[in-house]
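We number each residue from 1, following the sequence as shown. Because only heavy atoms are used, hydrogens play no part in the values below, and waters and symmetry mates are left out as well, while side chains stay in. Whatever order the structure lists them in is the order used to number ligands and atoms, beginning at 1.
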Amino acid sequence: MHRSSKWRAGFISILSGILVSGVASALPSNVRIIPPGTTRFLAGQKFDLRVEGRGTGPFSATIAIDGVSQDFTSGVQASNETDGISSAGYGGFNLRGYSDDDAGIHTITATFSDSTGTVDAQARFEIINPFGDSRPAKNIIILLGDGMGVAHRTAARLVKYGVTDGQPNGYLEIDRLPGTGLVTTHSLNSIITDSAPGMACYATGSHSNNGQEGVYPANMINPFYQPRMEYMAEYLHRVRGTSLGLVTSADVEDATPAANAVHTGNRNAGTGVCDQYLDESDAEGTGVYGTGLTVLMGGGRRWFLPAGQFGSSRSSSTDYNNLPADLVAAWHLPSSGALDPQRNLIQDFINAGFAYADTSTALGQIGTPDKLLGLFGYGNMNVALDKMAKRRNTLLPGTTTFAVDDYHAPDQPLLEEMTQSALQVLSRNKQGFVLMVEGAHIDKQSHLMDADRVIDETIEFDNAVGVARRFADQAGDTVVIVLADHECSGFSLIGALTGGITHLRSLPPDNTVLDPAVQPERQKASIIGTYDFAAFPRYNILPDGYPETFDIDGKLLVGYGASGDRYESWLMKPLPIVDSLLPDDIKGELRAHGYSDIPYQRAESRYGYFIRGQATGRDQAVHTASDIPVSAYSTGPDGPNRVYEQFYGVQTNTDVFFKLMRAALGGFSQ
Ligand SMILES: [Zn+2]
């Protein structure tokens, strides 16, 4: 990397798609061009360029695109001082808000110099033209079952519909969508993605590092300063005037919803994430910037309450301010942010024209406002199993309280109810909309190895798919895709319970067996029926659409290929694990009530035996690298009604973005 190309054997190394050569021995290190060399963009899609390196200042750099020299919009030009943007020891030069209209491959050539010498770098990007003469899809609905692999879908189908003589008694809404394929699930820096780049790659067309949403990796002092790329919602809001809706069963600051609208290198910076939702929503309707955010629903009230109030998580340390001036200018932002832990963000949303609902009842009475904010819990919302227990007024076995009451959120809507409300509000925009609906606990409960809560959430998510499909049928010109960001836990259906649930409950407790070397009583009892002994589980589905109970004779049993340590009882777990995304006030209360923080400590280990985790120690199960299934549907007279065919086969995860944008901009006639 530090050899001169003059001295040829011409030693040239290619690292991450960057061609590097140089001329001296010290030289700046870690020189790179951002975005990385395999990135694709839409014609006109905005993104930030950066040339950075590590060394001894003063720093300087040059950049040219297809041989045409470009001016940076910021960077240290001739000083040894930090620029207040780059990390200590780094120099960086930025070209914010660039875009290119010419389809094809483009070459970036750059130099980066410090006091010891100069390093050359080269990268490429590709521009894809999404425009054409086919009839554009007006609305795009992305339903993301977080962590949902094939087995999650199969489990929900088996539980909800059952099988008779080898024939399924019914199919899920997801199963009945016509266009199904597979999607790869890697991020920029790993074969195993987390939810931030996992969602963002569908919403931007670019890969990012794990933990990052709407930005490229860069050595900068603040994750909110990192180089941006334009989101689907921003692009369509700018060129077509669309609205954005985000609906999730998670905390709204969580990675999946944020990775449609928020630009940050730190998915956990919740105060800044939630502030940016509003501050970059283009509430004034200028059409020159922002997402057009019109609906935001889920949990996460903690980020909207002034610091110091019960349930607030707002802090300066998770906020941002002083966005670089060239970033603000290039992206036409209305402000550079502020450290304001005392901000009343609910009131600010209301002042910007949002109606606010804090319960399911309030949501049902809110009508069809212009804009809608719904915050139905302090952190993540509860799962269907716990929401339905309260609605049925039937305590789960082994409990004395309802989890939703303990979570200070007794009246929470179901995902399909939020989806229905969101579609009513969004469909008022004649220019169309982008709606993302997330079933978050398919992932979260898989991490916690709580199969019954996983399967109930998958059924809830599938009901939201049905709402979206019916909307597409009625409204026309709508594309619906259902997919995941990655698989979670190596979820697998290993068989069914033999010997019956009464027998299982009668087995002697193992809770004194804390030595993992002791033979597990459950396995000795041969309760896992494989092959023929699994037969066909049959659950009693109540009129509300969910199983009366998961503890039935012949219960479906789930194993985890990417597990952490746990005690497995095969019975319903009375209490959910304390959710990691809750304000500290409520976490403390739950622990005092006997809730556990990790699966290994689950209070109901009375019936359980120890299973050694494969992927982690006494922690959660983890994401896997498996491809995930995508199912698609589309309506409309010409182009849109065939868009689903574009999702057949195996595709790279970033392909999904370009397919959806071609659908939205008529590009399938090319
Ligand atoms: Zn995820």
Are Asp194 and His623 close enough that a side-chain donor and a side-chain acceptor fall under 3.5 Å?
no

To the nearest 10°, how many degrees is the angle Asp146 OD1 to the Zn ion (ligand 1) to Asp485 OD2?
100°

Report whether any nitrogen, oxygen or sulfur of Ser195 sits less than 2.8 Å from the Zn ion (ligand 1) (N, O or S, backbone or side chain).
yes

Using ring pair (Phe, Tyr, Trp, His ring centres under 6.0 Å) as the criterion, list what pairs up with Tyr546, not counting sequence neighbours.
none

With a cut-off of 2.8 Å, does Cys488 put an N/O/S atom close enough to the Zn ion (ligand 1)?
no

Test of ring centre spacing under 6.0 Å for Tyr567 and Tyr600
yes

Are the aromatic ring centres of Phe354 and Tyr277 under 6.0 angstrom apart?
no

